[in-house]
Participant: 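One structure is given below, represented as structure tokens, and several questions about it will come after.
When a ligand or atom number is given, it counts from 1 through the structure's own listing order.
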Amino acid sequence: MPENSTPHLFRPLAQRGLTFKNRVCVSPMCQYQATDGRMTDWHYDHHVRFAMGGVAVGMVEATGVSADGRITHGCTGLWTDAQIAPMSRVTAAYKRYDAIPAIQLGHAGRKASTQRPWDGAQPLTADEGAWPTMAPSAIPVRDGWPTPKAMDEADIERVKSDFKTAAARALAAGFEVVEIHGAHGYLLHSFLSPLSNRRNDSYGGDLEGRMRFPLEVATIVRAAWPAHLPVWYRVSAQDGVEGGLELAEVIELCRRLKTIGIDLVDCSSGGISGSPSLSTVHPGPGFQVPFADAIRSDADIATMAVGFITDPHQAEAILTEGKADMIAIAREHLADPAWTYHAALALNAPDAHALLPHLYHWYLERRAALTKG
Ligand SMILES: Cc1cc2nc3c(=O)[nH]c(=O)nc-3n(C[C@H](O)[C@H](O)[C@H](O)COP(=O)(O)O)c2cc1C
């Protein structure tokens, strides 16, 4: 079949020294099942389902660069070497099935020290092991939440160095793509948003000041990550709250991210004063795709679209219309870990069975031959 009759979703994409075999990425999803930041068997089971289902890239959840940067006690981390080995099992599984392992590194800032979602997602109490939080300014997420410490220069330097060390550990664990978590109201986003950043030093004020810390982190991670491997960045494309961060400001950030060597922007939204848009508004299918589209055209950088993308034809149209370069799928993967394989069948992609592990492939080919006969 000639190249151009292959659906866009199944055309490879080259970035630096890597080639993604198709355009499907498992979007990062916190599992809240880690012990002291270390992955458990659950994480392995969770990811190996996707690895066997044909995805090009499997991304591990928001992983704290420091213990105080975790969202909950159950979040994964990379602040000690002991956290590397359990992650290596996951990266090896993705590689066994010809998929690329990615990890999202982050610091939860003023949204750290909270309960797991099913326990209420409220700030932890002292009895539950709460820890102090920090942010650009001493402004709580909302009324009733703890007031974070306004970060001083030493805090800023420490977090930058934590990102650098965590990136080195991610590499040692076998990851090939690192994504910086700059969305959902966590630390980097809270520096960018005028609602949470009221600093009057060089890390606040106008957009230039508010971008400074996220750009410094991105520069440090880019330098720590090998030149032949990509670095991605997840943005909240807008706050969606009056007086909050606007898309035009995020586009400017993305232009700057491109100049420092960031390879793709993963386009989410919301979360500055609570849950991301997903939980606070009633989004329709592909509700964040316009952000991926605008950032791709105005900042001239590769984008990944995410949010309520469930149907293969919907995903194909996003790529065909030039609105994004990759498609991230979170919840639909929970229901169907072989979403990529099923999408290949639905779109008549050549060699769909080859997306499944070899042994399955053989049986399915034989069944297909019988059906034809
Ligand atoms: C259980 C769960 C955990 C999530 N954890 C993260 C995370 O660690 N980092 C992140 O940036 N987004 C996280 N998200 C958001 C998803 O990556 C994704 O952007 C969102 O669910 C929209 O995509 P979907 O409609 O395909 O689910 C999470 C979503 C879910 C459902």
Side-chain angles (χ1 to χ4, degrees), residues 23-34 37 39 42-43 46-47 49-50 53 55 57-65 69-72 74-78 87 90 102-109 111-112 114-119 121 166 170 177-190 214 232-238 240 264-272 274-289 291-292 303-312 314-315 318 324 326-337 339-340 343:
R23 306 303 180 93
V24 185
C25 174
V26 179
S27 202
M29 280 180 280
C30 292
Q31 297 298 298
Y32 312 102
Q33 300 299 323
M39 281 189 162
W42 172 258
H43 295 93
H46 170 71
H47 283 285
R49 296 167 76 230
F50 310 134
V55 292
V57 182
M59 195 179 301
V60 160
E61 65 198 72
T63 293
V65 297
R70 282 176 299 171
I71 307 166
T72 73
C75 291
T76 50
L78 271 176
M87 286 195 173
V90 168
I103 185 167
Q104 189 184 52
L105 294 180
H107 190 297
K111 291 175 80 175
T114 61
Q115 300 162 335
R116 293 168 171 89
W118 50 86
D119 292 328
V177 175
V178 67
E179 176 172 282
I180 300 166
H181 197 345
H184 303 166
Y186 299 118
L187 190 63
L188 270 54
H189 177 192
S190 70
W232 294 357
Y233 191 104
R234 177 168 267 200
V235 292
S236 273
Q238 63 174 30
L264 174 143
V265 177
D266 176 4
C267 302
S268 190
S269 66
I272 197 63
S275 305
S277 308
L278 206 54
S279 331
T280 51
V281 295
H282 298 284
F287 72 111
Q288 294 175 143
V289 173
F291 303 134
T303 58
M304 182 152 74
V306 65
F308 270 84
I309 301 169
T310 54
D311 180 86
Q314 176 196 10
I318 294 166
M326 292 287 294
I327 303 288
I329 297 193
R331 290 163 300 175
E332 198 62 18
H333 265 133
L334 303 178
D336 180 7
W339 188 90
T340 311

Participant: For F308, counting its heavy atoms only, list the atoms of ligand 1 lying under 4.0 Å from any of them.
Facilitator: 24 (P), 25 (O)
Participant: Mind checking whether C30 has an N or O less than 3.5 Å away from an N or O of ligand 1?
Facilitator: yes
Participant: For the CE atom of M59 and the CE atom of M29, what is their distance to the nearest 0.5 Å?
Facilitator: 11.0 Å
Participant: Can you find an N/O atom of I309 closer than 3.5 Å to an N/O atom of ligand 1?
Facilitator: no
Participant: Heavy atoms only: which of M59, Q104, M29, E61 is nearest to atom 29 (C) of ligand 1?
Facilitator: M29
Participant: Nearest non-hydrogen contact with atom 8 (O) of ligand 1 belongs to which option: S268, A62, G286, A330?
Facilitator: A62
Participant: Any heavy atom of E332 sitting closer than 4.0 Å to ligand 1?
Facilitator: no
Participant: Go through ligand 1 atom by atom and flag the ones less than 4.0 Å from a non-hydrogen atom of H184.
Facilitator: 10 (C), 11 (O), 12 (N)
Participant: Against heavy atoms of R234, which atoms of ligand 1 measure under 4.0 Å?
Facilitator: 10 (C), 11 (O), 12 (N), 15 (C), 16 (C), 17 (O), 19 (O)
Participant: Answer yes or no for A183: is there a heavy-atom contact with ligand 1 below 4.0 Å?
Facilitator: no
Participant: Using a 4.0 Å cut-off to any heavy atom of V306, which atoms of ligand 1 qualify?
Facilitator: 18 (C), 19 (O), 23 (O)
Participant: Regarding E332 and T310, is there a side-chain donor-to-acceptor distance under 3.5 Å anywhere?
Facilitator: no
Participant: Using the rule side chain to side chain contact (heavy atoms under 4.5 Å, CB included), only one of M87, E179, R70, H181 pairs with T63; which is it?
Facilitator: M87
Participant: Using a 3.5 Å cut-off on N or O atoms only, is S27 in polar contact with ligand 1?
Facilitator: yes
Participant: Any idea which heavy atoms bring L264 and M326 closest together, and the distance?
Facilitator: CD1-CG, 3.8 Å
Participant: Which heavy-atom pair separates A305 from V289 by the least distance, and what is that distance?
Facilitator: CB-CG2, 4.2 Å
Participant: Looking at CD1 of I272 and NZ of K111, how far apart are the two atoms once the value is rounded to the nearest 0.5 Å?
Facilitator: 7.0 Å
Participant: How long is the span from the CE atom in M39 to the CD atom in E61, to the nearest 0.5 Å?
Facilitator: 5.5 Å
Participant: Report the distance from atom CZ of F50 to atom CG of L334, rounding to the nearest 0.5 Å.
Facilitator: 5.5 Å
Participant: Just jot down the ligand 1 atoms closer than 4.0 angstrom to any heavy atom of R331, in number order.
Facilitator: 21 (O), 24 (P), 25 (O), 26 (O), 27 (O), 31 (C)
